K.L.:
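Okay, here's the structure, questions in a sec.
First listed ligand is number 1; within each ligand, the first listed atom is number 1. In this text, all values refer to a predicted model and were calculated from it rather than measured experimentally.
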Amino acid sequence: MAQSVLLTGAAGRVGEAILGGLADDHEWRLLDRNPPTDDQPGEFVVADITDDDAVREAMDGIDVVIHLAGDPRPEAPWDSVLTNNIDGTQTVFEAAVDAGVESVVFASSNHAVGNYETDARTPELYREHDDYLLDGTELPRPSNLYGVSKAAGETLGRYYHDEHDLSVACVRIGNLTEGHPPIDYERGQAMWLSYRDCAHLFDRCIRADYGYEIVYGISDNDRKYYSIERAREALGYDPEDNSAYYDGEERVAEPDA
Ligand SMILES: NC(=O)C1=CN([C@@H]2O[C@H](COP(=O)(O)OP(=O)(O)OC[C@H]3O[C@@H](n4cnc5c(N)ncnc54)[C@H](O)[C@@H]3O)[C@@H](O)[C@H]2O)C=CC1
Ligand SMILES: O=C1O[C@H](COP(=O)(O)O)[C@@H](O)[C@H](O)[C@H]1O
């Protein structure tokens with residue numbers, strides 16, 4: 001059944017991937033501080049997520065929130081991640097609870113756990129033969145202040161689930177790249193998330209029943225060091241793409257039938 005979904009950060013790249021795959025599948029209310037540059041499904045609210053009144057108004061009648069808005073730069077300074085990523089995310093969770101929203105899907109990041117990639121483990125970690133896997137049960141080890149803000153968002157989600165019974169899925173997104181995996185970048189190939197797998201994963205987050213989950217948002221890459229088993233089990237995620245099927249920009253192999 002189509003759900004009424006509020007998508008924050010809708011004008012960005014992850015929003016583009018989600019709407020590219022799911023525009024007709026749900027009833028959308030889109031929110032971003034930047035207005036849309038082209039036609040979008042549903043209504044578009046131009047607002048900042050730190051504007052409590054505007055966020056509360058945008059929650060009216062919403063079943064599910066996909067919360068993408070924030071500063072996505074790994075090098076983002078503290079004042080920006082504190083305002084946009086931590087304070088903004090708290091505003092979204094609080095308004096969601098007060099509006100009776102069923103679930104919030106939070107765009108977390110690989111950078112919440114980036115410091116598991118120690119000098120001793122890399123670059124072997126990024127290669128197919130290496131069997132080291134993070135599975136979402138490990139503690140955060142952020143690689144920058146942006147990663148700290150994402151770990152804080154996950155913890156806010158834990159609080160709003162435990163204290164207010166909100167369903168929360170935190171997706172530690174890898175490297176979303178359109179069309180093909182990153183080129184000459186082993187880490188990016190290991191954590192590649194294709195546009196169609198991104199749309200499918202967030203669709204599963206909209207439709208599935210869960211309590212509190214932390215999952216990795218990557219395609220089914222042979223090189224992976226993030227397990228996607230929890231996303232499969234808890235959400236029914238069934239990715240189609242794999243960076244190993246590509247040679248540069250060219251798709252050179254097809255999955256087994
Ligand atoms: N693109 C990727 O590979 C990854 C993205 N993420 C996360 O996914 C989310 C979306 O990332 P992208 O689409 O790549 O970034 P983006 O920069 O393309 O999109 C972010 C959108 O959020 C909006 N925004 C930022 N601060 C806002 C605020 N205070 N109020 C309202 N709108 C605001 C921006 O205007 C922009 O349209 C971010 O939270 C990012 O940290 C996490 C891991 C990987
Ligand atoms: O969280 C994010 O991660 C991706 C991938 O990280 P990178 O350090 O390999 O580039 C990044 O591209 C994106 O901007 C960021 O929001």
K.L.:
Scan side-chain atoms only and decide if His26 and Ser4 contain a donor-acceptor pair under the 3.5 Å cut-off.
P.N.:
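No - no donor-acceptor pair under 3.5 Å links their side chains.
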K.L.:
Taking only residues two or more places apart in sequence or in another chain, which ones pass salt bridge (charged side-chain N to carboxylate O under 4.0 Å, His left out) with Glu154?
P.N.:
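With neighbours one apart ignored, the set is Arg172.
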K.L.:
Taking the side chain from Ser219 and the backbone from Ser194, do they hold a donor-acceptor pair closer than 3.5 Å?
P.N.:
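Indeed, once roles are kept as given, a pair shorter than 3.5 Å links the two residues.
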K.L.:
Consider only side-chain N and O atoms of Ser80 and Asn84, and report whether a donor and an acceptor are under 3.5 Å apart.
P.N.:
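Distance-only check passes for Ser80 and Asn84.
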K.L.:
As a test of reading the model: which residues have a non-hydrogen atom less than 4.0 Å away from ligand 2?
P.N.:
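For ligand 2, the contacting residues are Arg13, Pro72, Ser109, Asn110, His111, Tyr146, Gly174, Asn175, Tyr185, Arg187.
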K.L.:
Side chain to side chain donor-acceptor pair (under 3.5 Å), that's the test. Do His129 and Glu124 meet it? Break it down for me.
P.N.:
CA-CA 8 Å; His129 61 79; Glu124 294 306 312; 2.9 Å; yes
K.L.:
When you measure from the centre of the six-membered ring of Tyr116, is the NZ or CZ of Arg141 closer than 6.0 Å and no more than 45° off the axis?
P.N.:
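Yes, Arg141 and Tyr116 form such a contact.
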K.L.:
Do His164 side-chain atoms and Val97 backbone N/O form a donor-acceptor pair below 3.5 Å?
P.N.:
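Side chain of His164 to backbone of Val97: no pair is present.
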K.L.:
Looking just at side-chain N and O atoms, do Tyr246 and Gln189 make a donor-acceptor pair shorter than 3.5 Å?
P.N.:
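Checked: Tyr246/Gln189 side chains show no N/O donor-acceptor pair below 3.5 Å.
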K.L.:
Applying salt bridge (charged side-chain N to carboxylate O under 4.0 Å, His left out), name anything that partners Asp71, two or more places apart in sequence or on another chain.
P.N.:
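Expected list: Arg73.
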K.L.:
Extract all N/O-N/O pairs under 3.5 Å that connect ligand 1 to the protein, and present each with both atom names and the distance rounded to 0.1 Å.
P.N.:
residue: ligand 1; atom: 1 (N); partner: Arg13; partner atom: NH2; Å: 2.8
residue: ligand 1; atom: 3 (O); partner: Leu176; partner atom: N; Å: 3.0
residue: ligand 1; atom: 13 (O); partner: Arg13; partner atom: N; Å: 2.9
residue: ligand 1; atom: 13 (O); partner: Val14; partner atom: N; Å: 2.8
residue: ligand 1; atom: 14 (O); partner: Arg13; partner atom: NE; Å: 3.4
residue: ligand 1; atom: 14 (O); partner: Arg13; partner atom: NH2; Å: 3.2
residue: ligand 1; atom: 18 (O); partner: Arg13; partner atom: N; Å: 3.0
residue: ligand 1; atom: 29 (N); partner: Asp48; partner atom: OD1; Å: 3.0
residue: ligand 1; atom: 29 (N); partner: Asn84; partner atom: OD1; Å: 2.9
residue: ligand 1; atom: 30 (N); partner: Ile49; partner atom: N; Å: 3.0
residue: ligand 1; atom: 32 (N); partner: Arg33; partner atom: N; Å: 3.3
residue: ligand 1; atom: 35 (O); partner: Asp32; partner atom: OD1; Å: 2.6
residue: ligand 1; atom: 35 (O); partner: Asn34; partner atom: ND2; Å: 3.2
residue: ligand 1; atom: 37 (O); partner: Gly12; partner atom: N; Å: 3.4
residue: ligand 1; atom: 37 (O); partner: Asp32; partner atom: OD1; Å: 3.3
residue: ligand 1; atom: 37 (O); partner: Asp32; partner atom: OD2; Å: 2.6
residue: ligand 1; atom: 39 (O); partner: Leu68; partner atom: O; Å: 2.7
residue: ligand 1; atom: 39 (O); partner: Lys150; partner atom: NZ; Å: 2.8
residue: ligand 1; atom: 41 (O); partner: Tyr146; partner atom: OH; Å: 2.5
residue: ligand 1; atom: 41 (O); partner: Lys150; partner atom: NZ; Å: 3.2

